[in-house]
Amino acid sequence: MIWTDERVEKLKKLWSEGLSASQIAAQLGGVSRNAVIGKVHRLSLPGRAKAGGTTAAARPKRATSAPRAPNYAARAVTRTVTRPAGATVLKEEVVVDLAPEPDFALETNIVVPMSRRLELTQLTERTCKWPIGDPLKEEFHFCGNDSPESSPYCSYHARLAYQPSAERRRIR
DNA sequence: CCCTGATTCGC
DNA sequence: GCGAATCAGG
C-alpha cells in the first residue's frame with residue numbers, strides 16, 4: 001500500500017483528532033495499525049501524551065457505573081394512564097414498554113447492560129455489533145459490549161436477535 | 001486476553 | 001520508505 005498525499009492527509013487529521021492507530025488503519029483501509037504507527041513516526045508527528053495507555057487522553061472516560069436506580073416517578077405516571085385500557089393482556093405490554101428500565105429488583109435475572117457506544121471502526125470480532133439509534137443520525141452507535149465466543153452480539157442482544165418463540169411475546 | 005503506542009530491522 | 005515482529009504498558 002502506498003501512502004498517497006491524500007492518505008497521508010487523512011492520517012494526519014485522524015491522528016491529530018486522537019484516534020488510535022487501529023482506528024485510523026480501519027478507516028484508511030488496506031493498512032495495519034503498525035503501518036499507521038510506522039508512518040506516524042516517519043512523519044515525525046507528535047506521539048501520544050503517555051505511552052501505552054494513551055487511552056485515557058484520547059477517549060472520554062466511561063463510568064463503570066452500577067445500574068441506575070429505577071425511575072419510580074415516571075413509571076407510576078405511565079401506569080396510571082395505561083390502566084383504563086382494561087384488557088389483562090394489554091396491561092403487561094405497557095409496563096414492558098418502559099423498558100429498558102429494570103423492572104425494579106437489583107437482583108433480577110433480566111439485566112439491560114449499558115452499551116459502550118462504540119463507533120463502527122471500533123468494532124472487533126468480540127464486540128457486540130447490535131446497532132443502536134438511527135444510522136443517519138450522529139448519535140448512532142453500536143452496543144460494543146463483550147461478546148462471548150466471538151459471537152456477533154453480547155449475551156443480552158443475542159437473546160433479542162435469536163429469540164426462539166415464547167420469549168418474543170413477553171418482550172414485545 | 002484485549003487493547004494501546006514505540007521501536008527495530010529486513011525488505 | 002515501508003510495515004511485521006516485537007516490546008512495553010494499561
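A quick note: this is a predicted structure, and the numbers were derived from the prediction, not measured. Chain naming here is simple, since letters A, B, ... match the order of the sequence lines and numbering starts at 1 in each.
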Q.
Between P on B:dC3 and CD1 on A:Ile24, what's the gap in Å once rounded to a whole number?
A. 16 Å
Q) Looking for any heavy atom pair under 4.0 Å, which part of the strands does A:Arg33 touch: base, sugar-phosphate only, or nothing? A) base
Q: Calculate the interatomic distance between A:Asn34 atom CG and B:dC9 atom P; express it in whole Å.
A: 15 Å
Q | Whole angstrom value for the distance that separates P of C:dG1 from CZ of A:Arg42 | A | 8 Å
**Q.** Euclidean distance, atom CH2 of residue A:Trp15 to atom P of B:dA6 [Å, nearest integer]
**A.** 5 Å
Q) Can you check whether A:Thr124 has a side-chain N or O nearer than 4.0 Å to OP1 or OP2 of B:dC3? A) yes
Q: Write down the distance between CD1 (A:Ile37) and C1' (C:dG1), rounded to a whole number of angstrom.
A: 17 Å
Q.
So, does A:Arg126 get its side chain near the phosphate of B:dC1, meaning an N or O under 4.0 Å from OP1 or OP2?
A. no
Compile the donor-acceptor pairs under 3.5 Å between side chains in residues 128-135 of chain A and protein atoms, sequence neighbours left out, one pair per line.
unit_1, atom_1, unit_2, atom_2, d
A:Lys129, NZ, A:Thr124, O, 2.9
A:Lys129, NZ, A:Thr127, O, 2.9
A:Asp134, OD1, A:Leu136, N, 2.8

Q: Looking only at non-hydrogen atoms, find the nearest pair between A:Tyr153 and A:Ala158 and report the distance.
A: CB-N, 3.6 Å
Q: Go through C:dG1, B:dT4, B:dC2 for me and flag the one nearest to the A:Lys39 side chain.
A: C:dG1
Q) A:His41 has a side chain; which of C:dG3, B:dC3, B:dA6 sits nearest to it? A) B:dA6
Q: Could you point out which residue of A:Glu6, A:Arg7, A:Gln23, A:Met1 forms a side chain to side chain contact (heavy atoms under 4.5 Å, CB included) with A:Leu28?
A: A:Arg7
Q: Please determine if a side-chain N or O atom of A:Ser32 lies less than 4.0 Å away from the OP1 or OP2 oxygen of C:dG3.
A: no
Q. Separation of A:Leu19 atom CG from B:dC3 atom P, in whole Å?
A. 16 Å
(Q) Checking A:Ser32 now: which residues fulfil side-chain contact (heavy atoms from CB on, under 4.5 Å) with it, not counting sequence neighbours? (A) A:Asn34, A:Ala35
**Q.** Length of the line joining A:Gln23:CD and B:dC2:P, which is rounded to integer Å
**A.** 18 Å
